[in-house]
Participant: 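Structure below; questions to follow.
Atoms considered below: every heavy atom in the structure, side chains included; atoms not considered: hydrogens, waters and symmetry mates. Computed from a prediction, not measured in an experiment: that's the story for all the values here.
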Amino acid sequence: MSQQIGRSFMDAEVVDLYLHRPPYPQRLYDLLVELAPGRENLLDLGCGHGKVSRPLSGSFETVTAVDPSARMIALGQSLSLGDAPNIDWVEGYAEEVPLARSFDVVVAALSIHWMDHARLFPRIAQHMTPDHLFAVVEGDGAHAPPWEGDWQDFLGRWVPELTGQPFVTDRSPAFWEAYQQYVDVGEVFELISDPFQQSVDDFILCQHSRDTFTISKLGARQARFDDELRALLREHADHNGILTYRSMTKLTVAKIT
């Protein structure tokens with residue numbers, strides 16, 4: 001995460017809403033363990049509140065969880081397994097923090113696009129075991145929900161209004177293009193979660209945990225944003241206002257060159 005972008009993840013208004021994000025599929029964790037060439041040391045770059053680090057702390061001898069946000073780390077430490085003695089929570093930027101181990105697995109979950117690749121990859125390459133695994137995790141939103149069409153229309157209106165950029169439905173090619181020169185890509189897995197239930201209001205709060213839709217960026221437009229999204233979702237919720245959906249998470253495994 002560079003020092004110029006991603007600043008919202010240090011703000012309480014964003015960090016406190018992270019718990020409204022859907023969980024990753026259990027298969028993600030199983031695959032990371034299965035594909036790991038060794039189970040001594042795991043490095044989690046841009047770890048946030050430990051969505052990867054905490055569940056995997058029982059499968060590796062050490063977990064080094066790195067994030068520039070002290071608030072994110074504090075949240076992670078307060079959650080289940082956040083106090084595991086083998087998790088080393090490190091506040092700092094992935095491009096800069098001291099690394100004292102050689103790592104079998106390096107994970108970047110919803111974070112690699114924030115980092116300075118030209119600085120990051122040559123540096124962490126010096127701390128990888130020869131047969132290491134580099135894993136990129138993408139996606140924790142609703143996958144093909146019943147409201148998909150209306151949701152895409154909603155994003156098509158709101159993303160340009162807030163960013164000044166057109167809404168792009170598939171960013172995968174551009175996502176990899178930025179740093180593919182540093183890695184050899186292996187397999188790509190698309191993992192579907194079990195059904196997840198969430199209230200309409202919590203779904204909206206989840207969107208405010210995402211950088212584009214933070215409350216501070218919406219400003220006076222927040223009420224309009226929330227009202228439009230609530231109206232869109234209400235017809236897809238049950239009589240208690242609960243939505244049921246699955247998430248899709250993509251796991252790309254590679255080696256750093």
Participant: Please test His208 against Asp226 for side chain to side chain contact (heavy atoms under 4.5 Å, CB included), starting from the C-alpha separation and ending with a verdict.
Facilitator: CA-CA 10 Å; His208 294 317; Asp226 289 2; 2.8 Å; yes
Participant: Is the ring centre of Phe121 less than 6.0 Å from the ring centre of Phe134?
Facilitator: yes
Participant: Does the pair Asp44 and Ser53 meet the rule for a side chain to side chain donor-acceptor pair (under 3.5 Å), with working shown?
Facilitator: CA-CA 6 Å; Asp44 186 1; Ser53 290; 2.7 Å; yes
Participant: Looking at Asp227 and Arg230, is there a salt bridge between them, counting it only when a charged N and a carboxylate O are closer than 4.0 Å?
Facilitator: yes
Participant: At their closest point, which heavy atom of Pro37 faces which heavy atom of Leu133, and how far apart are they?
Facilitator: CD-CB, 3.9 Å
Participant: Taking side chain as C-beta onward, heavy atoms only, is Val97 less than 4.5 Å from Thr64?
Facilitator: no
Participant: Hydrophobic side-chain clustering at under 4.5 Å (ILVMFWY, transitive links): who's grouped with Leu155? Put none if nobody.
Facilitator: Trp147, Trp151, Phe154, Trp158, Val159, Leu162, Phe167, Phe196, Val200, Phe203, Ile204, Phe213, Leu218, Phe225, Leu229, Leu232, Leu233, Leu243, Tyr245
Participant: Going by ring-ring contact (aromatic ring centres under 6.0 Å, His included), name the residues that satisfy it together with His49, two or more places apart in sequence or in a different chain.
Facilitator: Tyr18
Participant: Looking only at non-hydrogen atoms, find the nearest pair between Ser57 and Ala84 and report the distance.
Facilitator: OG-CB, 3.9 Å
Participant: Any carboxylate oxygen within less than 4.0 angstrom of a Lys/Arg side-chain nitrogen, looking at Asp16 and Arg71?
Facilitator: no
Participant: Keeping the roles fixed (side chain from His117, backbone from Ile112), state whether a donor-acceptor pair exists under 3.5 Å.
Facilitator: yes
Participant: Please tell me whether Ser247 and Ser193 have a donor and an acceptor in their side chains that are separated by less than 3.5 angstrom.
Facilitator: yes
Participant: Has Ser199 got a side-chain atom pairing as donor or acceptor with Gly241's backbone, closer than 3.5 angstrom?
Facilitator: no
Participant: Please identify which of these residues, Arg21, His20, Glu13, meets the side-chain hydrogen bond (donor to acceptor under 3.5 Å, both in side chains) condition with Ser209.
Facilitator: Arg21
Participant: May I ask you to say whether Glu34 pairs ionically with Arg27, meaning some side-chain N is under 4.0 Å from a carboxylate O?
Facilitator: yes
Participant: Taking all non-hydrogen atoms of both residues into account, name the closest pair between Gly38 and Phe60 and its distance.
Facilitator: O-CE2, 3.6 Å
Participant: Determine whether a donor-acceptor pair (N or O, by modelled atom type, separation under 3.5 Å) exists between the side chain of Thr244 and the backbone of Gln197.
Facilitator: no
Participant: Closer than 4.0 angstrom, basic N to acidic O: yes or no for Glu96 and Arg123?
Facilitator: no
Participant: So Lys51 and Asp140, salt bridge (Lys or Arg N to Asp or Glu O under 4.0 Å) or not? Walk me through it.
Facilitator: CA-CA 11 Å; Lys51 198 171 179 178; Asp140 65 353; 3.2 Å; yes
Participant: Are Arg224 and Glu161 within salt-bridge range, i.e. N to O under 4.0 Å?
Facilitator: yes
